[in-house]
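The structure under discussion is supplied below as structure tokens; questions concerning it will follow.
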Amino acid sequence: MLTTKISGLELKNPLMLAAGIMGTTGGSLKRMARCGAGAVITKSIGIEPKPGHPNPTMVKLRCGYLNAMGLPNPSYKLFQPEIDEAKHAGVPVIASIFGVDASEFSVIAGAINADAFELNVSCPHAEGYGAEIGTDPALVEGITKAVKNATDAPVWVKLTPNVADITETGLAAQKGGADAVVAINTLRGMAIDIESGHPILGNRFGGLSGHGIKPVAVKCVHDLYSALDIPVIGCGGISGWEDVVEFIMAGARAVQIGSAVGDNINIFSDISSCLEAFLSLKLWTLDDIYGMVHEI
Amino acid sequence: MRPVDAVITKFVDETPSTRTIFFDTFFEQVPGQFVMVWVRGVDEIPMALSYENAITVHKAGEATSALFELDECDSIGIRGPFGNGFGISGKNILLISGGVGAAPLAPLAERAASSGISVTTMLGAIKKDELLFGKRFETAGKVLIATDDGSEGRKGYVTDLLDDNDVDADRFDSIYCCGPEPMMKKVLDSSIIPEKVQFSLHRYFKCGIGVCGACCIDGLRVCKDGPVFRGDVLKDTEFGKFKRDGCGCKVKV
Ligand SMILES: Cc1cc2nc3c(=O)[nH]c(=O)nc-3n(C[C@H](O)[C@H](O)[C@H](O)COP(=O)(O)O)c2cc1C
């Protein structure tokens with residue numbers, strides 16, 4: 001009842017593990033798949049090994065979480081075995097990748113074997129990467145096009161909400177040949193320790209995730225659904241099945257869950273069963289509620 | 001949670017390489033849990049609470065060295081306690097401690113002894129003056145000592161004491177182990193029933209709250225599912241063989 005097809009991938013449910021959460025090792029990706037995720041996205045992988053920013057890298061706030069991991073990753077040269085191990089769990093494994101320019105992105109996509117690629121052009125706290133390129137529609141289009149040329153696998157583009165109009169970068173991704181867009185990555189944010197005046201994060205500022213960003217993400221999905229022809233994958237602040245219903249009604253074909261995994265490792269199976277019960281009760285299918293708000 | 005401001009009230013040099021830092025804030029904990037200790041502007045690292053208002057630091061990297069340079073009245077930021085601590089069960093328990101592994105085990109010994117449990121500790125260190133919290137363990141029960149150089153107790157590793165006739169691991173209801181990973185791996189690989197042993201693990205933590213996955217051992221989050229794990233959970237995992245560095249690359253333990 002929850003099976004979903006997106007850019008050619010068959011998912012047993014529309015719930016995926018978001019990039020950067022439990023995504024650095026094959027073992028952790030496998031665990032999340034076994035905990036019920038319909039697909040898993042890896043940590044964003046780059047050209048060279050990167051240790052990321054100094055701690056504190058993540059702090060829980062009243063409205064959600066603030067993080068500045070700084071894209072720590074072992075590089076694409078060392079990462080294929082982790083993907084291969086994750087594949088043993090039997091769900092699609094999507095490689096999230098990042099680079100400074102189109103050529104770095106294509107080198108990685110050309111070398112890695114995964115069920116799909118998610119282009120991280122939206123990390124708000126890594127200098128030279130992520131949102132620094134993801135706010136420029138021309139760069140987004142160029143990178144997407146280059147990666148499409150480098151691989152036969154589906155290509156998703158993960159968008160940043162730190163722009164005036166997310167449909168501009170969404171349309172650029174579509175023009176570049178993207179098979180889907182993912183919205184959203186974290187919102188730029190900062191927290192200060194009032195005892196000392198120090199910024200709490202080692203990187204001074206970072207990205208906000210968790211339930212505080214959900215209305216922002218729902219609006220982005222809503223706008224992208226209206227503007228684009230390719231499917232939209234929703235992400236941001238999901239912690240319960242009601243949130244998933246809301247995203248799908250806004251126009252998400254599938255969703256991704258990140259921060260909420262920390263407090264509930266079984267969130268995928270929990271949400272799956274509740275979602276199924278809700279749809280049965282309402283006599284609805286996923287297709288019935290897909291983009292529902294746009295018909296009203 | 002945001003870091004709690006903890007003002008340093010006292011230092012106690014426990015051994016030539018370890019120092020206990022007492023602060024003005026008390027944290028209710030299950031022994032074995034950890035706190036994230038933030039030296040502002042430097043780094044934030046996981047540490048066991050050796051008392052409800054103290055951590056015991058072994059000089060190792062940048063952050064621990066910075067902790068040695070602090071003065072009384074300086075403050076550090078503390079988040080936690082996080083994770084799962086030791087489950088205390090049985091009438092007769094054995095603690096196996098190596099080096100600074102005594103930090104979470106000493107409060108466990110005290111809590112167990114105060115509820116009438118018989119506590120035996122196998123205490124190991126590289127040499128006599130590096131033995132940590134010997135008095136606390138003695139007050140809680142019986143202590144057997146091993147030092148690498150033989151300057152006190154049996155010469156050799158603390159796990160060698162298991163081969164002695166006076167420590168029969170089988171007669172204990174529960175066993176608690178903390179120390180260098182190769183030492184803990186020896187205990188895991190010994191003839192002791194793994195279900196009986198609780199290990200307190202150490203890994204490089206980033207988020208500390210079970211989200212990022214940087215500290216995973218075969219999918220187990222050391223920061224959230226641990227840091228205390230039963231032996232049977234650790235069997236046939238990366239434990240004792242590999243860990244991940246800051247980039248997530250596999251490195252030998
Ligand atoms: C600790 C952490 C690490 C993240 N790392 C990445 C990453 O490597 N690549 C990426 O595209 N997004 C990354 N994100 C963003 C998430 O994938 C997601 O877009 C965001 O957290 C919003 O979803 P949530 O509210 O469910 O967490 C990270 C988020 C967190 C909290």
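Just so it is clear: chains get the letters A, B, ... in the order the sequence lines come, proteins before strands, and each one is counted from 1. Not measured: the values here are computed from a predicted model.
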- Taking Ile194(A), Leu29(A), Ile200(A), Leu66(A) one by one, which has the highest count of heavy-atom pairs under 4.5 Å against chain B?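 The answer is Ile200(A).
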
- Side-chain donor-acceptor contact under 3.5 Å, Asn266(A) with Ser269(A):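 No.
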
- Query: Rounded to the nearest 0.5 Å, how far does CD of Gln29(B) lie from CZ of Phe34(B)?
  - Reply: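 The CZ atom of Phe34(B) sits 11.5 Å away from the CD atom of Gln29(B).
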
- Item | Contact winner vs chain B - Asn67(A), Leu61(A), Asn73(A), heavy-atom pairs under 4.5 Å |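 The answer is Asn73(A).
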
- Item | Trace of the salt bridge (charged side-chain N to carboxylate O under 4.0 Å, His left out) decision for Lys243(B) with Glu181(B) | CA-CA 10 Å; Lys243(B) 55 184 182 181; Glu181(B) 196 155 319; over 6 Å; no

- Query: Side chain, backbone, both or neither: which part of Phe79(A) has a heavy atom under 4.5 Å from chain B?
  - Reply: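 Neither the backbone nor the side chain of Phe79(A) comes within 4.5 Å of chain B.
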
- Heavy-atom distances under 4.5 Å only: say whether Arg244(B) touches chain A with side chain, backbone, both or neither.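 Only the side chain of Arg244(B) comes within 4.5 Å of chain A.
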
- Out of Lys30(A), Met69(A), Lys43(A), Met32(A), which one racks up the most heavy-atom pairs below 4.5 Å with chain B?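 Going by pairs under 4.5 Å, I would pick Met69(A).
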
- Message: So which residue, Cys216(B), Gly248(B), Cys212(B), Gly210(B), ends up with the most heavy-atom pairs under 4.5 Å with chain A?
- Response: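 The candidate making the most pairs under 4.5 Å is Cys212(B).
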
- Quick one: pull up CZ in Arg136(B) and CG in Leu105(B) and give me the separation to the nearest 0.5 Å.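 If we round to the nearest 0.5 Å, Arg136(B):CZ and Leu105(B):CG are 10.5 Å apart.
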
- Who wins among Arg62(A), Arg34(A), Glu82(A) for the most heavy-atom pairs under 4.5 Å with chain B?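 The residue among Arg62(A), Arg34(A), Glu82(A) with the greatest pair count is Glu82(A).
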
- Hey, do the aromatic rings of Phe199(B) and Tyr176(B) have their centres closer than 6.0 Å?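 Aromatic pair excluded; centres sit 6.0 Å or further apart.
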
- Query: Which one of Asp245(B), Thr237(B), Asp225(B) has the most heavy-atom pairs closer than 4.5 Å to chain A?
  - Reply: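 Result: the option with the highest number of such pairs is Asp225(B).
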
- Go through Asp189(B) and Lys235(B) one step at a time and tell me if the side-chain contact (heavy atoms from CB on, under 4.5 Å) criterion holds. CA-CA 9 Å; Asp189(B) 291 343; Lys235(B) 278 273 180 194; 4.2 Å; yes

- Under 4.5 Å from a heavy atom of chain B, the part of Ile21(A) involved: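 Answer is both: backbone and side chain atoms of Ile21(A) are under 4.5 Å from chain B.
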
- Heavy-atom donor-acceptor pair, Asp101(A) side chain to Glu104(A) backbone, under 3.5 Å: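 Looks like yes, one N/O pair under 3.5 Å.
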
- Choice from Gly219(B), Gly246(B), Cys247(B) maximising heavy atom contacts with chain A below 4.5 Å: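 Option with the greatest count: Cys247(B).
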
- Counting distance only, does the side-chain N/O of Asp173(B) pair as donor-acceptor with the main-chain N or O of Ser89(B) below 3.5 Å?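 Judged by distance alone, no pair lies under 3.5 Å.
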
- Item | Which of Leu78(A), Thr25(A), Val261(A) touches chain B most, by non-hydrogen pairs under 4.5 Å |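 Max contact count across the listed options: Thr25(A).
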
- Query: Side chain, backbone, both or neither: which part of Ile192(A) has a heavy atom under 4.5 Å from chain B?
  - Reply: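 Backbone only.
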
- Query: What part of Lys206(B) is in contact with chain A, defined as an atom under 4.5 angstrom from a non-hydrogen atom: side chain, backbone, both or neither?
  - Reply: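 Interface part for Lys206(B): both.
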
- Query: Using the benzene-type ring in the case of Trp, are the ring centres of Tyr51(B) and Phe22(B) under 6.0 Å apart?
  - Reply: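 They qualify: ring centres under 6.0 Å apart.
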
- Of the listed residues (Arg221(B), Lys224(B), Met1(B)), which shares the most heavy-atom pairs with chain A below a 4.5 Å separation?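 If we count pairs closer than 4.5 Å to chain A, Arg221(B) comes out on top.
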
- Item | Between Glu238(B), Arg40(B), Arg2(B), Arg79(B), the one whose heavy-atom pairs under 4.5 Å with chain A are most numerous |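 Max contact count across the listed options: Arg40(B).
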
- Between Ser259(A), Ser28(A), Pro54(A), Gly202(A), which has the largest tally of heavy atom pairs under 4.5 Å with chain B?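 Looking at each option in turn, the highest pair count goes to Ser28(A).
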
- Does the side chain of Asp5(B) come within less than 4.5 Å of Ile76(B)'s, by heavy atoms?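 No - every pair of side-chain heavy atoms lies 4.5 Å or more apart.
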
